[in-house]
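The structure displayed is predicted, hence computed values, not measured ones.
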Amino acid sequence: MKEFRVLARLELINLFGLNTYRYTKDPKEKKKKLALLIALGFVGVVLMGYAGGTAYALADFGLADKIPMVYALLAFLLQLGLGAMKAKSLIYRETDLDLLTALPFRGTHVAAARIVRLYVDGLILTTLVMLPGMIICGIHTGAGALFYVGILPALLILPILPVAISAWVGILFAAIISRFRHKVLAEVLLVVIMMVGMLAVSAAFSTNTMTAGGDNGVSSSGSASTVEKSTERSVESSAEKTTAALTKEEKEAEKQAENERMKAKLSAAAKNAIQGLESAFPPARILGEGLQKPDFPILLVYLAISLLVFAITVFILGRNFFAISARLRTVTRHREYQMEALKEQSVMKALVKKEAARYFSSGIYVSNTIVGPVLAIGFSVALAFMDLSKQIEGWPMIHLEAALPYLLGGFFSMMSISSCSISMEGKNWWIPRSLPLSTREILGAKALFNLIFLAPVYGLMEVILMFTVRANLVDRLWLLLIPLAGIPFSVLLGLFLNLKFPKLHWENATEVVKQSAASGLSLLGGFALLIPGMGAMVLPDGYRHLMNPVMILVIAGISWLLYRKVMSYPLKKLES
């Protein structure tokens with residue numbers, strides 16, 4: 001156990017850069033770490049606010065007792081998806097393999113310590129998602145003190161099982177990749193297959209949920225119909241009067257009746273969806289009921305199952321840890337070298353080829369930055385099976401299809417390649433800096449490679465949209481231009497953030513791709529593009545067609561300012 005405690009402490013000691021912030025003597029480094037912690041805190045507050053707002057809406061619809069089940073399932077799926085994406089790279093690290101094999105540590109101790117790191121990450125996510133919902137559930141259901149006392153044990157228990165399952169995904173990925181010669185290609189293909197599978201399962205689950213909700217929706221719609229009938233009578237009686245003759249009180253009553261009718265429809269739809277979730281996931285319903293009462297025997301059974309799966313995972317992973325880690329190491333095979341004619345090429349072409357070689361040499365780098373493009377393609381295909389106009393029945397003022405161009409543009413801002421391109425230079429950063437190259441050439445090559453990589457993805461997405469989305473000529477134009485404007489914005493934003501938050505001293509590419517400030521903050525670019533999309537949903541067509549070109553000019557203007565800022569950035573600051 002002493003070895004495990006040492007390894008676990010080493011895994012957790014610098015979580016989110018807290019140890020570096022605590023002991024660093026460099027004021028610039030301390031400011032960067034503080035800015036990162038503030039940004040992470042802001043993201044956490046936003047996530048808790050969103051979770052709390054959604055829980056309040058469910059409670060307002062009379063579904064407060066369903067909040068534990070819904071949020072437990074949401075936290076489980078989020079942690080499972082995110083954990084599966086980073087389990088392999090976190091558990092199997094090539095850089096410290098030589099050190100670990102030379103020390104008297106067993107594989108089970110190393111595996112347990114790294115899975116504990118996954119557990120802590122999952123615990124933070126579960127707390128951010130579950131805590132606001134559980135508090136709102138307790139307030140609206142009038143739960144006693146026992147409910148609030150049981151929140152903390154529940155938060156500690158819930159992440160164990162998804163952590164163990166995601167670790168199995170990491171084991172499976174590692175076992176498959178270790179048998180391939182081209183390990184980077186194998187890892188990328190596995191990530192793409194997993195992303196496509198998640199999209200397919202999500203689409204199938206949504207369809208099944210709507211079907212199940214429709215079957216079970218008879219009773220729920222009955223309660224809503226009473227409200228609708230009463231509100232329809234009031235609306236019909238008030239409609240007989242002329243608008244000029246309506247008093248202020250009658251207008252307020254009519255508006256309130258309309259709101260009640262909309263609320264009844266939303267409540268019925270939410271109840272049907274939750275009934276579909278309960279039908280699709282009976283264990284989630286049982287666990288949700290156990291959290292809501294609370295029923296401690298159910299929680300103890302869940303804890304026992306989770307610990308059993310966790311122990312089996314650590315045992316199997318530990319027994320094969322060093323063997324799989326050794327097979328995952330990249331092996332360079334020297335072949336007979338043949339001298340060929342030398343070719344002259346431009347500086348920019350040579351730099352772009354260097355960027356491509358570095359990018360495709362890291363499976364972690366490729367598999368994480370390819371998620372956004374894969375989602376853009378997958379969502380474009382999924383639109384063939386979705387009718388956005390039918391999903392907003394009863395809300396004629398909201399047009400979900402109007403936000404589609406901004407959503408597709410936001411996918412390209414999810415973890416852009418440029419947000420890690422400078423940090424990935426690492427200890428080799430002195431090589432381009434020692435050459436007679438300008439800032440425009442060094443950073444321009446990084447931006448250009450990112451644009452070249454995204455260009456065929458954008459073209460394929462637009463071709464697919466021609467067959468999957470029915471739109472008039474003007475809407476088709478927005479589907480072309482808005483994502484096109486978002487691509488250089490995301491590339492330059494990622495490069496700008498990487499200049500502000502570089503991480504040139506690292507031992508594992510995971511630290512750069514998954515744990516650096518630049519890569520995390522680059523996700524905000526996608527959310528920035530979604531904000532005007534939300535506005536486009538509620539605007540009439542005429543105003544929306546005026547807003548979209550303005551937003552394209554705004555995005556292009558911000559991109560131009562970022563370009564000017566990036567290309568004039570003094571690279572000497574990165575060396576200090």
Asker: With a 4.5 Å heavy-atom cut-off, do Thr54 and Tyr71 have their side chains touching?
Answerer: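 Thr54 vs Tyr71: side chains touch.
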Asker: Checking side-chain contact (heavy atoms from CB on, under 4.5 Å) for the pair Leu404/Leu383: CA distance, chi angles, key distance, verdict?
Answerer: CA-CA 10 Å; Leu404 184 58; Leu383 288 173; 3.7 Å; yes
Asker: Side chains of Val491 and Leu495: closer than 4.5 Å at any heavy-atom pair?
Answerer: no
Asker: Is any side-chain heavy atom of Ile305 closer than 4.5 Å to a side-chain heavy atom of Val301?
Answerer: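 In contact.
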Asker: Under the rule for side-chain contact (heavy atoms from CB on, under 4.5 Å), what residues qualify as partners of Leu77, not counting sequence neighbours?
Answerer: Leu73
Asker: Can you confirm if the aromatic rings of Tyr359 and Phe453 lie within a centre distance of less than 6.0 Å?
Answerer: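 Ring centres of Tyr359 and Phe453 closer than 6.0 Å.
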Asker: Taking atom OH as the centre, does Tyr50 end up with more than 12 heavy-atom neighbours from other residues, nucleotides or ligands that are less than 6.0 angstrom away?
Answerer: no
Asker: Using side-chain contact (heavy atoms from CB on, under 4.5 Å), reason through Asn450 and Thr369 one step at a time and then give a plain yes or no.
Answerer: CA-CA 10 Å; Asn450 199 342; Thr369 54; over 6 Å; no
Asker: How about CZ on Phe42, more than 12 heavy atoms from neighbouring residues, nucleotides or ligands closer than 6.0 Å, or not?
Answerer: no
Asker: Using modelled atom types only, decide if a donor and an acceptor are shared between the side chain of Ser421 and the backbone of Ser418 within a distance under 3.5 Å.
Answerer: yes
Asker: Report yes if some heavy atom in the side chain of Val512 is under 4.5 Å from a heavy atom in the side chain of Cys420; otherwise report no.
Answerer: yes
Asker: Closest approach of Leu408 and Ala376, non-hydrogen atoms and distance?
Answerer: CD2-O, 4.4 Å
Asker: State, to 0.1 Å, how close Tyr365 and Val513 come at their nearest heavy-atom pair, and which atoms those are.
Answerer: CA-CG2, 4.0 Å
Asker: How far apart are the closest heavy atoms of Ser522 and Ser416, and which atoms are they?
Answerer: OG-N, 4.2 Å
Asker: Out of curiosity, Ile417 CD1 to Asn498 CG, how far, rounded to the nearest 0.5 Å?
Answerer: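 The distance works out to 12.5 Å.
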Asker: How far apart are the closest heavy atoms of Met130 and Leu158, and which atoms are they?
Answerer: CE-CD1, 3.7 Å
Asker: Should the heavy atoms of other residues, nucleotides or ligands under 6.0 Å from CZ of Phe360 be counted, would the total exceed 12?
Answerer: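 Yes.
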Asker: Does the side chain of Val314 come within less than 4.5 Å of Phe310's, by heavy atoms?
Answerer: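 Heavy-atom side-chain distance check passes, below 4.5 Å.
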Asker: What are the two closest non-hydrogen atoms of Val163 and Leu118, and how far apart are they?
Answerer: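 Smallest interatomic distance, heavy atoms only, reads CG2-O, 3.7 Å.
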Asker: Before you tell me yes or no, could you show the steps for Phe412 and Leu529 under side-chain contact (heavy atoms from CB on, under 4.5 Å), namely the whole-Å CA-CA distance, both residues' side-chain angles and the distance that decides it to 0.1 Å?
Answerer: CA-CA 10 Å; Phe412 290 101; Leu529 290 176; over 6 Å; no
Asker: Does any N or O in the side chain of Gln79 come within less than 3.5 Å of the main-chain N or O of Pro159, such that one atom is a donor and the other an acceptor?
Answerer: yes
Asker: Which heavy atom in Thr108 sits nearest to a heavy atom in Arg319, and how many Å separate them?
Answerer: CG2-N, 4.4 Å
Asker: Do the side chain of Ser423 and the main chain of Lys503 share a donor and acceptor less than 3.5 angstrom apart?
Answerer: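 Judged by distance alone, yes, a pair lies under 3.5 Å.
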Asker: Starting from the C-alpha separation in whole Å, work towards a yes-or-no answer on side-chain contact (heavy atoms from CB on, under 4.5 Å) for Tyr56 and His140.
Answerer: CA-CA 9 Å; Tyr56 180 82; His140 280 77; 4.0 Å; yes
Asker: Would you find a donor on one side and an acceptor on the other, under 3.5 Å apart, between the side chain of Tyr119 and the backbone of Ala164?
Answerer: no
Asker: Check whether any side-chain heavy atom of Phe147 lies under 4.5 Å from a side-chain heavy atom of Cys137, and answer yes or no.
Answerer: yes
